[in-house]
Amino acid sequence: MTLVESDAGAWSVEARDFPTNKGGLCRKGWTAAALLDAPDRLTTPLIRDTKAAPLRTASWDEALDRIANAIRAIQAERGPDAVAMFGGGGLTNEKAYLLGKFARLGLGTANIDYNGRFCMASAAAAGLRAFGIDRGLPFPLEDIPGADAVLIVGGNPAETMPPIMQYFEGLRAHGGRLIVADPRRTPTAEAADLHLALTPGSDAALALGLLNVAIRDRLIDEHYIATRTSGFDEVRRLALSYWPDRVERITGVPALQIQTAAHLLGEAAGAMILSARGPEQQSRGVDNTLAFINLALALGLPGKPHSGWGCLTGQGNGQGGREHGQKADQLPGYRRLADPADRAAVARVWGVEPDSLPQPGLSASELLAALGGPIAGLIVMASNILVSAPDTSRLRERLKALDLLVVADIFLSETAAVADVVLPITQWAEEDGTTTNLEGRVILRRRAKLPPAGVWNDAAILSALADRLGTADRYGQLGTAGAFDELRRASAGGSADYAGISYARIAAEDGVFWPCPHEDHRGTPRLFADRFAFADGRARFHPVRHGEPAESPCADYPFWLTTGRVLAQYQSGTQTRRVADLQAAAPDPFVELHPDAARTLAIAPDELVEVTTRRGTARLRARYSRKIRLDTLFVPFHWGGEGNANILTSNVALDPISRIPEFKISAARVSKMPGGAVAARGNPVSPEGTAS
Ligand SMILES: Nc1nc2c(c(=O)[nH]1)N[C@H]1C(S)=C(S)[C@@H](COP(=O)(O)OP(=O)(O)OC[C@H]3O[C@@H](n4cnc5c(=O)[nH]c(N)nc54)[C@H](O)[C@@H]3O)O[C@H]1N2
Ligand SMILES: Nc1nc2c(c(=O)[nH]1)N[C@H]1C(S)=C(S)[C@@H](COP(=O)(O)OP(=O)(O)OC[C@H]3O[C@@H](n4cnc5c(=O)[nH]c(N)nc54)[C@H](O)[C@@H]3O)O[C@H]1N2
Ligand SMILES: [Mo]
């Protein structure tokens, strides 16, 4: 996008004809300029003198001194790991890099993780296990229309990534087929040729059923399996017991549809399987994802033209945010903190002893569970955890128990509203930096306007804190461009290698795809044509079975509850709830349910109802929809207060490998409000939402 300023000083957005969006933007993009002069923008630090006191304005010196003193006190008493950091996939590559470096060298803590743990973690772990590398799409978006069949598993790009729908339209324009597996008939499913309305949590069974048919009907690529992969025999043996009738019983998807889908994929000259949060945000998220990768490998797709497996990455920098070291177990360049060679490589660039680097720390949900216990101080940059993390009622108590909560944000988010210190920061249009998109394309975002007086860039905050903590000699003092230069060196030789990428090249070339190991290298739009990223060059099959999610419907909680997104709101809503057009389109939290289910409970359309799980109760407007399964409820998570979806989700049902929470599955009941029907209200922008 391009930001344009009118003669009168008003900002607006124009869509660029860039190779990814090709002139398209979604509603949130078109209206994004509204945030630049939002009236309630934070422009001065805020401090709370005691836990019971309200936030008051403070100078930067006072705020930074307060933070540094509290950090010193906590670490002196409880050790360096008692202060933690929480980052976000919305941060630029430079900031993500600095956050990881600041945690390890500025604070000396092992405990840093980020909201990508709630997002891409299962797909990332599965990609690493199967291909040896984690890049969302191993091919550019422009390859999609050239395919003949595409299966989207648990993704709703028509609402979550509208500009990429043009690629699926291109696919269908030449007779290619789109298949969507989703418990709801979403706008994406409606744009498809075949909708597999599976039972929530039955993804692995569906994948095994498709593989069963592919084996039975000789659609698999035996030559590819023999020459490019290892481990198929065990997977074949497992798949043989998932015949279509059995899979129909587990998934609710008719056997005939399973056979049709398998043939569409297996007979296509080019076929793709694209994964999103539906199968991934589950306590079996890695297995679910691996089950579909197994199918892709058996069909011989990865590395073939207009074919492959990929993951539709979420946030603006969802890909780059997971490469540069803000993850608990990771160093820049997608290096591993537990690997001695990786530690030595990064320690050399940082000019420190490898042994002085902390070991891997707690993953996001576990880190949040440790607040008020082993962790007494938390710095949050670029996440609104009190809306978006699982089990927010428990989290609210834990945040209260901290000695120090610091939130750096553009606005007073729900999380900022309960902080001890709030720091006002620059936003996207007011700073330079790179992001890496779902294709692995590194893109440059140039500053378009000056920030308001009084706000700082996140990088400046980290530098000022290192100064006060006496760790500036270890942490260094890097601004944005300096951070990118160092990131290039620290990533050199790693799997996400940025060594050959420069701001000048990105600007001249419409982005550069990593890996790009040196300046004469063209970058790598397509991976896996000849080999996978393991020493023997072969991709790995992983034997996975179907298994039950942590909770299933029962007499007390008879529905499947799933959560996700709507078109007009973004994430925790801090940004989009402040845009009038978007608020008008999606004003308040709701639960989508089938009218036949609603009627048996005497719930009228638009009535305010209670949805309850083992964690708690949320109050939501009942929205009738014939596009959802009778046994399933859907609640978007964009609001705080009593309509917050994450009052309902679990912080302990985690995938054993990716540690992602089971956002997509809870057992729930829905009931009328005690005392009878109440008409629903709109939800204001205020941090506490509709909380009474
Ligand atoms: N408008 C909007 N766009 C966004 C965002 C936003 O907040 N708002 N967020 C961005 C981010 S960070 C992300 S990660 C992406 C997410 O993008 P998506 O993954 O497309 O979005 P979700 O709505 O989380 O989930 C997708 C679908 O999974 C389905 N689903 C639920 N349970 C299951 C299940 O058990 N199995 C299967 N197969 N499907 C299931 C849901 O019905 C839903 O339609 O969107 C990005 N784009
Ligand atoms: N129930 C349920 N919960 C979910 C999900 C779900 O599907 N269901 N999805 C999960 C997923 S995939 C994700 S990605 C998370 C997202 O949830 P969050 O991590 O809460 O994401 P945002 O709402 O984007 O929060 C970013 C915050 O940082 C601020 N911000 C923006 N840019 C910057 C910056 O450069 N620096 C700083 N310091 N702050 C900045 C914004 O104003 C905003 O308050 O939610 C997760 N939670
Ligand atoms: Mo995400």
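Side-chain atoms are counted along with the backbone in the values below, which use heavy atoms only and exclude waters and symmetry mates. In each ligand, atom 1 is the first atom listed, and ligand 1 is the first ligand listed.
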- Query: Do any heavy atoms of Lys664 fall under 4.0 Å from ligand 2?
  - Reply: yes

- For atom 47 (N) of ligand 2, what's the nearest protein heavy atom and its distance? Ser388 O, 2.7 Å

- Task: Specify side chain, backbone, both or neither for Ala181, according to which of its non-hydrogen atoms lie closer than 4.0 Å to ligand 1.
- Result: backbone

- So which of Glu431, Arg565, Lys95, Arg117 gets nearest to atom 13 (C) of ligand 2, if we judge by its closest heavy atom? Arg565

- Task: Could you pull out all residues at least two apart from Asp182 that satisfy salt bridge (charged side-chain N to carboxylate O under 4.0 Å, His left out)?
- Result: none

- Have a look at Glu414, Gln427, Gln571, Glu280 and point out the one with the heavy atom closest to atom 24 (O) of ligand 2. Gln571

- Heteroatom proximity flag, Gln315 to ligand 2, N/O under 3.5 Å: no

- Message: For Thr186, which part has a heavy atom under 4.0 Å from ligand 1: side chain, backbone, both, or neither?
- Response: side chain

- Does ligand 1 have any atom sitting under 4.0 Å from a heavy atom of Phe634? no

- Message: Counting only nitrogen or oxygen atoms and a 3.5 angstrom limit, does Ser202 reach ligand 1?
- Response: no

- Query: What part of Val387, side chain, backbone, both or neither, has a heavy atom within less than 4.0 angstrom of ligand 2?
  - Reply: neither

- So which bit of Val566 gets within less than 4.0 Å of ligand 1, heavy atoms only: side chain, backbone, both or neither? backbone

- Task: Please work out whether any backbone atom (N, CA, C, O) or any side-chain heavy atom from C-beta onward of Met120 is under 4.0 Å from ligand 1, and answer side chain, backbone, both or neither.
- Result: neither

- Assess Thr188 for proximity to ligand 1: is some non-hydrogen atom of it under 4.0 Å away? no

- Number the atoms of ligand 2 from 1 as they appear, then name those within less than 4.0 Å of a heavy atom of Ala408, with their elements. 37 (C), 38 (N), 39 (N)

- Message: Between the side chains of Glu190 and Lys627, is the shortest nitrogen-to-carboxylate-oxygen separation below 4.0 Å, so that they form an ion pair?
- Response: yes

- Item | Distance flag, aromatic centroids of Phe86 and Tyr114, threshold under 6.0 Å | no

- Which is it for Leu567 and ligand 1 at heavy atoms under 4.0 Å: side chain, backbone, both or neither? backbone

- Residues pairing under salt bridge (Lys or Arg N to Asp or Glu O under 4.0 Å) where one sits in residues 313-323, two or more places apart or in two chains, turn out to be Asp134-Arg322

- Message: With respect to Asn115, determine whether any N or O atom, backbone or side chain, lies less than 3.5 Å from an N or O atom of ligand 2.
- Response: yes

- Query: Based purely on interatomic distance, does Gln281 place a nitrogen or oxygen under 3.5 Å from a nitrogen or oxygen of ligand 2?
  - Reply: yes

- Item | Proximal candidate to atom 29 (C) of ligand 2 [heavy atom criterion; set Asp409, Thr562, Thr392, Leu423] | Asp409

- At their closest point, which heavy atom of Arg27 faces which heavy atom of Ala585, and how far apart are they? NH2-CB, 3.5 Å

